[in-house]
Amino acid sequence: MYSRITGTGSYLPEKVVTNADLEKTVDTTDEWIRARTGIERRHIAADDQCTSDLAVHAARLAMTAAGVQPEDIDLIVVGTTSPDLVFPNVGCLVQERLGIRGCPAFSIEAACSGFIYALTTADRFVVTGQAKCALVIGAETLSRIVDWSDRSTCVIFGDGSGAVVIQPSEEPGIISCHLGADGRYKDLLCTPSGPSKKPTADQPRDPFITMKGNEVFKVAVKTLESIVRKTLAENNMDGSEIDWLIPHQANNRIIQALSKRLKMPIEKVILTVQEQGNTSAASVPLALDVAVRDGRGQRGDLLLLGAFGGGFTWGSVLLRY
Ligand code: COA
């Protein structure tokens, strides 16, 4: 038994913040942002929109694409690091909004790898017969934990959501999943305080994202390369067999470096970072949905999804769409 994606959906908030807009609020330039990140604009949630609101939009579209009803869904897993509340988790909030009753609903916090962790978890439920129709979502409003006066981080992140429905299938479907983490890198990309960590004299409360960009960059490229190589090797495959590489959309330079190291032509890589910025756990399902809806991702295509994020966490999913 395998699981297979039967529908995809995504959502971006209406409000767009361009690099030119940021030039007015912090000491930066459109040229610097484009050259260092490839980002031109990002979508930002409205004041009254929370992560669950974004998630519900993407979920509805994925359910429509899969042709399933709320009563069909028997598992909800959400990858997010910017939940509406400490609890109830975003999965429960989505469940209530969609009129789904009784099924397990939970969130997974693995920063930008959140969707890959969520999809891997949901796949296990389907493969072992514990779920027959799982809704898997990556959704974020990282704009709420970005310090908009910090030019080194505020130019990078954006809000959005992406979702898939997975169902049992005799043919793959999801072929293999690979997850990893290394907490020794916890300080390179983090929020220095949170609900449980009390401020101290040398570490005052700071709920905003801090990042050692340069160091993150180097580990991100190496780790993404190694997870892709591992996934290919464990499946006795060559990069040339992959129809589309769908990496986490952190930074165009990271993705370009990855494509070069893997000798995978950039034309075979789905790129959305220019239009969306880094939407963390939402970025992979958003890019997947873009590829499906614009016709690049066709049924039967071999897709390799890969992500890397704070923690550090990382993961990949190889699947036949
Ligand atoms: N506009 C203009 N200048 C900026 C700036 C901005 N938005 N942000 C930083 N700078 C400045 C720095 O202050 C520094 O100035 P200095 O030399 O006078 O000290 C200079 O630009 C270079 O900074 P540096 O951090 O070395 O730049 P970089 O080439 O590493 O690019 C990132 C910065 C953040 C774009 C890059 O490191 C990166 O993309 N890292 C990975 C981040 C990421 O993907 N995180 C998420 C992972 S899931």
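Computed from a predicted structure; not experimentally measured. For ligands, and for the atoms within them, numbers begin at 1 and follow the listed sequence.
- Here is the list of ligand 1 atoms found below 4.0 Å of a heavy atom in Met211: 34 (C), 42 (C), 43 (C), 45 (N).
- Looking only at atom types and distance, the side chain of Ser3 has a donor-acceptor partner in the side chain of Asp123 under 3.5 Å away.
- The atoms of ligand 1 that sit less than 4.0 Å from any heavy atom of Phe308 are 48 (S).
- A donor-acceptor contact closer than 3.5 angstrom links the side chains of Gln130 and Thr128.
- The minimum heavy-atom distance linking Val26 with Trp148 is given by the pair CG1-O, 3.4 Å.
- Phe106 pairs with exactly one of Val77, Val78, Val90 by the side-chain contact (heavy atoms from CB on, under 4.5 Å) rule, that one being Val77.
- For the 3.5 Å distance criterion, the side chains of Ser143 and Asp159 qualify, holding a donor opposite an acceptor.
- Heavy-atom contacts of Asn214 reach the following atoms of ligand 1: 24 (P), 26 (O), 30 (O), 37 (O) (cutoff under 4.0 Å).
- Within ligand 1, the atoms closer than 4.0 Å to a non-hydrogen atom of Val155 are 7 (N), numbered from 1 in the order shown.
- Here the protein heavy atom with the shortest distance to atom 35 (C) of ligand 1 is Thr37 CG2, 3.7 Å.
- In this structure, atom 22 (C) of ligand 1 has protein heavy atoms in its sub-4.0 angstrom surroundings.
- Taking atom 33 (C) of ligand 1 as the reference point, the nearest protein heavy-atom neighbour is Trp32 CH2, 3.8 Å.
- Distances from ligand 1 to the non-hydrogen atoms of Ile33 include no value under 4.0 Å.
- Atom 31 (O) of ligand 1 has as its closest protein heavy atom Arg253 NH2, 3.7 Å.
- The protein non-hydrogen atom at the shortest distance from atom 46 (C) of ligand 1 is Asn278 ND2, 3.5 Å.
- Per-atom contact check: atom 8 (N) of ligand 1 touches the protein, criterion being a heavy-atom distance below 4.0 Å.
- Here the options are Asn278, Thr279, Asn19, the test is side-chain hydrogen bond (donor to acceptor under 3.5 Å, both in side chains), and the partner is Arg42; only Asn19 passes.
- Among protein heavy atoms, the minimum distance from atom 40 (N) of ligand 1 is reached at Gly213 O, 2.9 Å.
- Taking each of Glu215, Arg36, Arg151 in turn, the one with a heavy atom nearest to atom 27 (O) of ligand 1 proves to be Arg36.
- In this structure, Ala220 falls outside the shell of residues with a heavy atom less than 4.0 angstrom from ligand 1.
- Looking at ligand 1, you won't find any N or O of Cys112 less than 3.5 Å from one of its N or O atoms.
- Per-residue contacts place His248 under 4.0 angstrom from the following atoms of ligand 1 (heavy atoms of the residue considered): 48 (S).
- One side chain, Gln49 or Tyr11, offers a donor N or O that lies under 3.5 Å from an acceptor on the other.
- For the 3.5 Å distance criterion, the side chains of Glu140 and Ser82 qualify, holding a donor opposite an acceptor.
- With Ser283 as reference, His248 is the one residue of Gln276, His248, Gln249 to meet the side-chain hydrogen bond (donor to acceptor under 3.5 Å, both in side chains) rule.
- Here is the list of ligand 1 atoms found below 4.0 Å of a heavy atom in Thr28: 1 (N), 2 (C), 6 (C), 7 (N).
- Residue Ile254 has at least one heavy-atom neighbour below 4.0 Å for each of these atoms of ligand 1: 44 (O).
- Val146 and Leu189 fall within a single hydrophobic cluster, where Ile, Leu, Val, Met, Phe, Trp and Tyr are joined by side-chain heavy atoms under 4.5 Å apart, directly or via other members.
- Every atom of ligand 1 with a heavy atom of Ile156 under 4.0 Å away is listed here by number and element: 34 (C).
- In terms of heavy-atom proximity, Gly300 sits nearest to Asp243 at O-OD2, 4.5 Å.
- Val216 is not connected to Val284 by any chain of hydrophobic side-chain contacts under 4.5 Å among Ile, Leu, Val, Met, Phe, Trp and Tyr, and they are in different clusters.
- The minimum heavy-atom distance between Ala59 and Ile137, with the atom names listed, is CB-CD1, 4.0 Å.
- Close N/O approach between Asn251 and ligand 1 is found [any backbone or side-chain N/O within under 3.5 Å].
- Using a 4.0 Å threshold on non-hydrogen atoms, atom 19 (O) of ligand 1 does not count as touching the protein.
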